[in-house]
Amino acid sequence: MKRKTKLIHGGIPGDSHTGAVSVPVYQVSTYKQESIGVHQGYEYSRTGNPTRYALEELIKDLEEGERGFAFGSGMAAIHAVFTLFNSGDHVLLTDDVYGGTYRIFTKVLSRLGLESTFVDTTDAEAVKAAIQPNTRAIYIETPTNPLLKVTDIRAMADIAHERDLLVIVDNTFATPYWQNPLTLGADIVLHSATKYLGGHSDLVAGLAVVNSAKLADELHFIQNAVGAILGPQDSWLLIRGIKTLGLRMEAIERNARAIVDFLVQHDKVNKVHYPGLQQHPQHELASRQTEGYGGIISFDVGSNEAAELLLSKLHYFTLAESLGAVESLISVPARMTHASIPEERRAELGITPGLVRISVGIEDAEDLIDDLKAALAD
Ligand SMILES: *Cc1c(COP(=O)(O)O)cnc(C)c1O
């Protein structure tokens with residue numbers, strides 16, 4: 001199956017009981033047993049629910065893994081995966097990882113004895129040098145938020161597997177439509193499905209896919225034991241969103257390229273970060289590793305004042321956190337998504353006060369560019 005066909009025909013399409021072409025919402029908590037322990041595969045909806053299972057099978061197929069899992073948010077999925085480790089274990093993470101991932105490590109998991117080091121994972125030598133005797137995993141986000149740094153997944157897998165470590169990839173930005181980390185050697189892939197997979201700014205959800213039966217058993221045990229599952233209604237909504245992922249990602253890609261072309265030649269825009277740009281430091285790697293460059297662009301307008309002025313003049317870019325939806329969104333990472341990261345650290349990473357991030361939607365590119373043109377004019 002090719003990619004767009006798989007979005008429609010992957011997983012468990014429809015309902016075998018009635019012929020309904022859409023998976024029904026199984027709004028149910030418990031299931032009748034014929035006799036003790038004899039049932040049709042479902043006992044209790046924390047353990048398994050048919051609508052959630054259809055979604056889990058779909059993401060498993062899209063990421064070409066062994067088993068998929070749906071959680072109540074991206075952070076719940078990330079938390080569940082880190083629960084695979086023990087107190088005293090150590091994890092290496094991409095340095096400009098999502099703010100919430102930085103926060104859960106430094107403020108929550110650290111209290112439970114899980115150790116972490118944040119390292120520039122675009123630098124394989126730096127990664128090797130940061131590995132400790134108690135390191136259990138390399139956790140990467142690629143491309144990153146908001147600077148769009150690209151890490152070589154295959155190189156990380158080679159380093160990790162020589163030492164028996166797991167490679168975990170947050171694939172939220174690229175989506176399974178453009179990038180499949182498991183086929184590049186990763187062991188676990190994570191998604192904030194709140195973003196592109198849902199795609200319509202109408203739900204919060206997280207997904208994980210693992211590449212082995214052993215990890216599948218371990219993660220299912222945690223999903224059931226901890227219980228941060230996605231409900232049937234949101235599972236259904238997410239399946240519906242995923243059906244148009246290909247159409248949306250292609251439209252977003254076209255718009256993003258047109259906007260990047262406009263921004264790079266604008267004299268008020270200092271620096272444009274986009275993996276599709278020839279001058280992006282990992283452009284060649286991005287072209288090899290992914291099928292598309294995505295819809296997130298960040299650029300510097302020089303100061304927080306200039307950023308605020310730009311935001312105040314735009315009509316079609318909604319000022320909001322989050323990304324990956326049909327409508328174009330704009331944010332100032334230093335003041336919003338990355339506010340939980342200490343200021344000195346933001347400066348080290350290059351998240352300057354004038355850095356603006358846009359998440360390109362599926363509106364007409366001409367309208368988006370005219371909007372930016374007017375807002376950047378004197
Ligand atoms: C939003 C996001 C998360 C967290 O997901 P939620 O659904 O908001 O809990 C994790 N990683 C990345 C890259 C994100 O953009």
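All ligand and atom numbering here is 1-based and tracks the order in the structure.
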(request) Would you give the length of the straight line joining atom CD of Glu64 to atom CG of Leu184, rounded to the nearest 0.5 angstrom? (result) 10.0 Å
(message) Taking non-hydrogen atoms within less than 4.0 Å of ligand 1, which protein residues qualify?
(response) Ser73, Gly74, Met75, Ile78, Tyr98, Glu141, Asp170, Thr172, Phe173, Ser192, Thr194, Lys195, Ala205
(message) Testing Arg288, His280, Gln282 one by one against Glu284 for a side-chain hydrogen bond (donor to acceptor under 3.5 Å, both in side chains), which residue passes?
(response) Arg288
(message) With a 3.5 Å distance limit and no angle check, can you tell me whether Glu253 reaches the backbone of Arg248 through a side-chain donor-acceptor pair?
(response) no
(request) State which residues pass ring-ring contact (aromatic ring centres under 6.0 Å, His included) with Phe82; sequence neighbours excluded, sorted by chain then number. (result) Phe105, Tyr139
(request) Enumerate the residue pairs fulfilling salt bridge (Lys or Arg N to Asp or Glu O under 4.0 Å) with a member in residues 345-356, sequence neighbours excluded, ordered by first and then second residue. (result) Arg345-Glu348
Return all side-chain donor-acceptor pairs below 3.5 angstrom for residues 66-78, not counting sequence neighbours, or 'none' if the list is empty.
{"unit_1": "Ser73", "atom_1": "OG", "unit_2": "Met75", "atom_2": "N", "d": "3.4"}
{"unit_1": "Ser73", "atom_1": "OG", "unit_2": "Ala76", "atom_2": "N", "d": "3.0"}

